[in-house]
Amino acid sequence: MGWKGRVSSARSLTLHSLDLIFQTMSAANAPVTGDVLLIPDPSTVGTSAKRVTIEWSQGWSTRTAEYYTFFAHNKSKNNAEVLIYVSAEKFTHDHFSGIATLVGDNYELTIDNKLQYGQKNKIGEQRFIVYHDKERKPFQHRFIESAAANQLGNLAVHIAQYFGKPDVGSLVATYGKAAFGDSLHDYN
């Protein structure tokens, strides 16, 4: 093998190693049961939370529901960002005051069985959280597609980057139904 072949092999090995490191870091920051999330107070969140419509099929009918999507912080994991979707009827000051503790401008919400999550793979990469009525059964990809369908502007770009993509089109094209075509998972 000539020097060009060795450089190419070394570059491939380095990129592969970096990808593995990124996957490990991403999975290591995945929110788990017992972690504490910092959720902005719905009455003061302003424009950082965007309202999106999620549409799915369930029981031979089409259903839709409104959700707020935003980035929370995982206090238990060095304030790592966590993408979260909260159904509109639950994203109220009155509701959160009954399930979490208000500290400053944020609610401290402990992850437990009231929350569900979606993720890229079984090791927990690119995990996102959903808080809604668990009788709803939208597949994971419905939440990912909402970033494109609802034209979220800068938040959509931030969501795409959270999933390791430069823009929303790349996100939907790469993942879409293929990676997120599963049901949401329950926290225990």
Side-chain angles (χ1 to χ4, degrees), residues 26 29-31 35-56 58 62-75 77 79-96 99-100 105-112 114-120 124-177 179-187:
S26 178
N29 284 332
D35 283 1
V36 175
L37 300 177
L38 301 176
I39 306 289
D41 182 347
S43 62
T44 63
V45 73
T47 60
S48 63
K50 300 290 184 184
R51 193 174 178 120
V52 298
T53 301
I54 306 294
E55 183 177 305
W56 72 98
Q58 182 176 331
T62 300
R63 297 190 179 193
T64 61
E66 299 294 314
Y67 288 77
Y68 282 93
T69 186
F70 53 92
F71 283 90
H73 289 94
N74 189 338
K75 182 179 177 180
K77 298 259 172 52
N79 286 324
E81 282 191 323
V82 178
L83 178 62
I84 187 167
Y85 292 82
V86 179
S87 62
E89 69 275 5
K90 292 186 182 290
F91 194 57
T92 67
H93 176 74
D94 289 341
H95 182 81
F96 267 86
I99 62 166
D105 291 335
N106 294 298
Y107 279 99
E108 290 190 354
L109 177 66
T110 302
I111 295 176
D112 61 15
K114 69 181 151 292
L115 302 174
Q116 293 184 301
Y117 64 91
Q119 60 192 13
K120 177 182 172 184
E125 288 181 296
Q126 300 158 342
R127 185 173 290 177
F128 62 93
I129 295 177
V130 179
Y131 178 47
H132 63 168
D133 179 346
K134 289 169 68 173
E135 294 299 314
R136 296 177 182 171
K137 304 294 182 198
F139 282 169
Q140 296 177 36
H141 73 90
R142 296 299 182 178
F143 294 93
I144 304 308
E145 291 169 349
S146 73
N150 287 281
Q151 300 175 350
L152 301 179
N154 290 338
L155 180 61
V157 172
H158 195 166
I159 290 170
Q161 291 169 347
Y162 180 80
F163 288 105
K165 296 297 172 190
D167 55 55
V168 177
S170 298
L171 173 67
V172 173
T174 302
Y175 295 120
K177 295 175 187 171
F180 297 101
D182 294 328
S183 299
L184 292 167
H185 304 282
D186 291 325
Y187 279 105

Participant: Which of these passes side-chain contact (heavy atoms from CB on, under 4.5 Å) with P138: H141, Q140, R136?
Facilitator: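 Output: one option passes, namely R136.
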
Participant: Might you point out which heavy atoms bring Q58 and R63 nearest each other, and give the distance in Å?
Facilitator: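 Of all heavy-atom pairs spanning Q58 and R63, the closest is NE2-NH1, 3.4 Å.
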
Participant: Starting at CD of E55, measure out to OG1 of T64 and round the result to the nearest 0.5 Å.
Facilitator: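 Spacing of CD (E55) from OG1 (T64) equals 6.5 Å.
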
Participant: I'd like to know whether E108 forms a side chain to side chain contact (heavy atoms under 4.5 Å, CB included) with L38, so could you lay out the CA-CA distance, the side-chain angles of the two residues, the decisive distance to 0.1 Å, and finally the verdict.
Facilitator: CA-CA 5 Å; E108 290 190 354; L38 301 176; 3.6 Å; yes

Participant: Pick out which of V82, I39, L83 makes a side-chain contact (heavy atoms from CB on, under 4.5 Å) with F70.
Facilitator: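 When side-chain contact (heavy atoms from CB on, under 4.5 Å) is applied between F70 and each of V82, I39, L83, only I39 qualifies.
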
Participant: Can you classify the ring geometry of F91 versus F96 as parallel (below 30°), tilted (30 to 60°) or perpendicular (above 60°)?
Facilitator: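 Plane angle over 60°, so perpendicular.
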
Participant: Evaluate the ring planes of F143 and Y67, with Trp represented by its six-membered ring, and classify them as parallel (under 30°), tilted (30 to 60°) or perpendicular (over 60°).
Facilitator: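 Perpendicular.
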
Participant: Minimum heavy-atom separation for G124 to A30, with atom names?
Facilitator: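 So the two residues come closest at O-CB, 3.4 Å.
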
Participant: Can you tell me how far the NZ atom of K134 sits from the CG atom of L115, to the nearest 0.5 Å?
Facilitator: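 The distance works out to 8.0 Å.
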
Participant: Between N74 and D35, which heavy-atom pair has the shortest distance, and what is it?
Facilitator: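 Shortest heavy-atom contact: ND2-OD2, 2.9 Å.
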
Participant: Going from CD1 on I129 to CG on L184, what distance comes out if it is rounded to the nearest 0.5 angstrom?
Facilitator: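 The CD1 atom of I129 sits 11.5 Å away from the CG atom of L184.
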
Participant: Are H95 and E89 linked by a side-chain donor-acceptor pair shorter than 3.5 Å?
Facilitator: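 Absent: no donor and acceptor within the cut-off.
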
Participant: Do Y187 and Y117 make a side-chain contact, defined as non-hydrogen atoms from C-beta onward lying under 4.5 Å apart?
Facilitator: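 Y187 reaches Y117 side chain to side chain.
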
Participant: Going by atom types alone, do D41 and S43 pair a side-chain donor with an acceptor below 3.5 Å?
Facilitator: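 Yes.
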
Participant: Taking side chain to side chain contact (heavy atoms under 4.5 Å, CB included) as the test, write out the residues that go with K114, two or more places apart.
Facilitator: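 I99, L109, D112, Y131.
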
Participant: Any non-hydrogen side-chain atom of V130 less than 4.5 Å from a side-chain atom of R142?
Facilitator: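 Heavy-atom side-chain distance check fails, nothing below 4.5 Å.
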
Participant: To the nearest 0.5 Å, tell me how far Q119 CD sits from F128 CZ.
Facilitator: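 Result: 9.0 Å between the selected atoms.
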
Participant: Are there over 12 heavy-atom neighbours, none belonging to K90, within less than 6.0 Å of that residue's NZ?
Facilitator: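 Result for NZ/K90: enclosed.
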
Participant: Are side-chain heavy atoms of E81 and H73 found at a separation under 4.5 Å?
Facilitator: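 Contact flag for E81/H73 side chains = yes.
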
Participant: Within the distance-only criterion (no hydrogens, no angle test), does the side chain of T53 pair as donor or acceptor with the backbone N or O of A65 below 3.5 angstrom?
Facilitator: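 No, T53 side chain to A65 backbone: no donor-acceptor pair under 3.5 Å.
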
Participant: Please report the interatomic distance NZ(K137) to NE2(H132), rounded to the nearest 0.5 Å.
Facilitator: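 Those atoms lie 7.5 Å apart.
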
